[in-house]
Asks: 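Dropping a structure here in structure tokens format, bear with me for questions.
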Amino acid sequence: VITTASDVTGHTAVDLWTVDENLAIVNPDQIAATSAKLIQQGFLEVYQQSNFIKSFPKDFHPCTKPQDADIVIALVPDTGPGLKLIPRLRYIGFGCRRGATVEEFREVIADLEAQDGLDLRSVGGAASIDLKNDEQGLLEIAALFNWPLRFFTKDQIGSVTGSEKSEIVHQKIGVFGVCESAAILAASDGEQSGRLIIKKRKWERITAAVAETEY
């Protein structure tokens with residue numbers, strides 16, 4: 001059953017494309033107008049701040065000026081016209097003590113947003129060590145923000161170089177640190193390692209760090 005005009009005309013379904021490319025929509029009210037323009041005009045002009053998207057559909061034409069674009073892809077979108085999209089390239093790594101609550105995790109997220117300038121729309125997921133895969137607070141915070149949650153083994157966590165080391169953590173669970181290494185692993189794409197953009201921060205029962213996928 002064909003249900004949309006984009007299907008009928010053979011053009012890209014803009015809303016589905018944003019899902020496939022893991023892009024957050026800043027102004028979803030603009031989707032209908034953007035899709036209508038694609039159908040009427042036959043193509044859309046697309047500007048991206050950096051090389052976030054490697055390949056565009058044939059009816060998406062890259063342009064060099066955001067003011068000329070129907071779609072703007074940027075980590076910090078401007079306020080001009082067009083559909084604004086944010087790539088979800090950032091990943092939060094968590095370490096925690098047993099029993100840390102979802103309320104404590106919410107405090108951490110709020111601090112990362114307010115104090116470190118983390119735009120939650122740019123977050124593509126969260127991660128930790130597999131020893132924490134039954135932590136209810138961690139599971140709940142990931143579900144609350146609809147973030148995919150990945151768990152890495154001790155060997156994977158231990159393989160990451162350059163992260164902060166804690167002898168106390170090593171004595172307890174056998175690795176020198178969790179949150180920075182988990183964030184870096186989650187942000188790695190198989191070719192390049194993730195880049196740490198917010199180093200380890202400590203709260204009473206939680207540690208967190210943020211890494212970004214290289215682009």
Side-chain angles (χ1 to χ4, degrees), residues 18-26 48-54 73-77 85-96 100 102 104-166 169 173 175-203 205-215:
T18 65
V19 174
D20 291 341
E21 296 293 345
N22 202 21
L23 298 165
I25 303 172
V26 176
Q48 57 177 346
Q49 179 188 39
S50 191
N51 192 31
F52 303 123
I53 308 299
K54 310 303 180 187
I73 306 169
L75 283 169
V76 182
L85 305 174
I86 298 176
R88 295 188 177 102
L89 298 174
R90 292 165 177 166
Y91 296 83
I92 305 175
F94 288 111
C96 66
V102 67
E104 289 175 284
F105 279 100
R106 287 183 70 127
E107 177 187 349
V108 169
I109 298 300
D111 285 349
L112 290 173
E113 187 177 21
Q115 298 175 16
D116 296 281
L118 178 64
D119 188 335
L120 298 184
R121 297 172 299 184
S122 69
V123 175
S128 190
I129 193 168
D130 58 4
L131 294 172
K132 303 297 181 180
N133 62 11
D134 60 348
E135 283 291 339
Q136 193 60 33
L138 180 56
L139 298 174
E140 288 180 18
I141 198 66
L144 182 65
F145 286 95
N146 198 29
W147 288 334
L149 182 57
R150 297 177 64 186
F151 295 99
F152 298 101
T153 66
K154 283 185 183 181
D155 287 344
Q156 289 173 307
I157 293 289
S159 71
V160 177
T161 58
S163 57
E164 182 177 322
K165 296 183 182 298
S166 167
V169 174
I173 63 174
V175 293
F176 285 102
V178 171
C179 65
E180 289 187 351
S181 297
I184 290 169
L185 288 168
S188 300
D189 63 4
E191 296 182 4
Q192 297 188 81
S193 294
R195 178 175 63 92
L196 201 64
I197 61 170
I198 299 176
K199 293 184 177 182
K200 177 182 177 180
R201 288 194 58 198
K202 298 179 182 179
W203 288 259
R205 297 204 293 173
I206 296 172
T207 61
V210 181
E212 183 175 88
T213 302
E214 293 283 8
Y215 48 85

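None of these values were measured; they are calculated from a predicted model.
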Asks: Nearest 0.5 Å, please: how far is CD1 in I73 from CG in N51?
Replies: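 Rounded to the nearest 0.5 Å, the CG-CD1 separation comes out at 10.0 Å.
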
Asks: Can any side-chain N or O of E180 pair as donor or acceptor with the backbone N or O of K200 at less than 3.5 Å?
Replies: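 Looks like yes, one N/O pair under 3.5 Å.
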
Asks: Within the supplied structure, the quantity of interest is the number of heavy atoms (other residues, nucleotides, ligands) at a distance under 6.0 Å from N146 CG; does it exceed 12?
Replies: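 Not buried by this count: 12 neighbours or fewer within 6.0 Å.
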
Asks: Do L85 and I25 have side chains that get closer than 4.5 Å, going by heavy atoms?
Replies: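 In short, these two side chains touch, coming nearer than 4.5 Å.
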
Asks: If I compare all heavy atoms of D130 with all of F151, which pair ends up nearest, and what's the gap?
Replies: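 That would be CA-CB, 3.7 Å.
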
Asks: Determine whether a donor-acceptor pair (N or O, by modelled atom type, separation under 3.5 Å) exists between the side chain of S193 and the backbone of S188.
Replies: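 Answer holds: no.
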
Asks: Under 4.5 Å between any side-chain heavy atoms of F52 and L23, yes or no?
Replies: no

Asks: Got E107 and I206 here, is their nearest side-chain heavy-atom distance under 4.5 Å?
Replies: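 Side-chain contact under 4.5 Å: no.
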
Asks: In Å, rounded to the nearest 0.5 Å, how long is the span from CG of L120 to CG of L112?
Replies: 8.0 Å

Asks: Any side-chain heavy-atom pair from L185 and R150 closer than 4.5 angstrom?
Replies: no

Asks: Which distance, rounded to the nearest 0.5 Å, do you find between the CD1 of I86 and the OG1 of T18?
Replies: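 Those atoms lie 12.5 Å apart.
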
Asks: With heavy-atom distances below 4.5 Å as the criterion, would you say the side chains of S181 and F152 are in contact?
Replies: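 No, side chains not in contact.
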
Asks: Checking the side chain of K132 only, and the main-chain atoms of C96 only, is there a donor and an acceptor separated by less than 3.5 Å?
Replies: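 Indeed, once roles are kept as given, a pair shorter than 3.5 Å links the two residues.
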
Asks: First locate atom CG of N133, then atom CG of L139, and finally report the distance between them rounded to the nearest 0.5 Å.
Replies: 8.0 Å

Asks: For V178 and T207, what are the C-alpha separation, side-chain angles and deciding distance, and is it a side-chain contact (heavy atoms from CB on, under 4.5 Å)?
Replies: CA-CA 8 Å; V178 171; T207 61; 5.6 Å; no

Asks: Would you indicate whether R106, at its atom CZ, is surrounded by more than 12 heavy atoms from other residues, nucleotides or ligands within a distance under 6.0 Å?
Replies: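 Count not over threshold, so no.
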
Asks: Mind listing the closest non-hydrogen atom pair of A183 and A211 along with its distance?
Replies: O-CB, 3.4 Å

Asks: Would you say the side chain of W203 lies within less than 4.5 Å of the side chain of E104, judging by non-hydrogen atoms?
Replies: no

Asks: Rounded to the nearest 0.5 Å, how far does OG of S128 lie from CD1 of I92?
Replies: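 So the CD1 of I92 and the OG of S128 are separated by 12.0 Å.
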
Asks: What closest approach, in Å, do P148 and G124 show between heavy atoms, and which atom pair accounts for it?
Replies: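 Heavy atoms of P148 and G124 come nearest at CD-O, 3.3 Å.
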
Asks: Of all the heavy-atom pairs spanning A74 and P87, show the shortest one and how long it is.
Replies: O-CD, 3.7 Å

Asks: Quick one: does D119's side chain have a donor or acceptor within less than 3.5 Å of a partner on R121's backbone?
Replies: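 Yes; judged by distance alone, with no hydrogens or angles, the pair exists.
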
Asks: Run the numbers on F105 and L144 for side-chain contact (heavy atoms from CB on, under 4.5 Å), then give the verdict.
Replies: CA-CA 11 Å; F105 279 100; L144 182 65; over 6 Å; no

Asks: Just so I know, are the side chains of V123 and F145 near enough to count as touching, which here means a heavy-atom distance under 4.5 Å?
Replies: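 Side chain of V123 against side chain of F145, heavy atoms only: no contact under 4.5 Å found.
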
Asks: Can you name the nearest heavy-atom pair linking G125 to W147, along with the distance?
Replies: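 Smallest heavy-atom distance, with atoms named: CA-CB, 3.9 Å.
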
Asks: Do K154 and I129 come within less than 4.5 Å of each other through their side chains, counting heavy atoms only?
Replies: yes

Asks: Working to the nearest 0.5 angstrom, can you tell me the gap between Y215 OH and R195 CZ?
Replies: 6.0 Å

Asks: Could you go through R90 and L75, starting from their C-alpha distance and side-chain angles, then the distance that decides it, and tell me whether this counts as side-chain contact (heavy atoms from CB on, under 4.5 Å)?
Replies: CA-CA 10 Å; R90 292 165 177 166; L75 283 169; 3.7 Å; yes

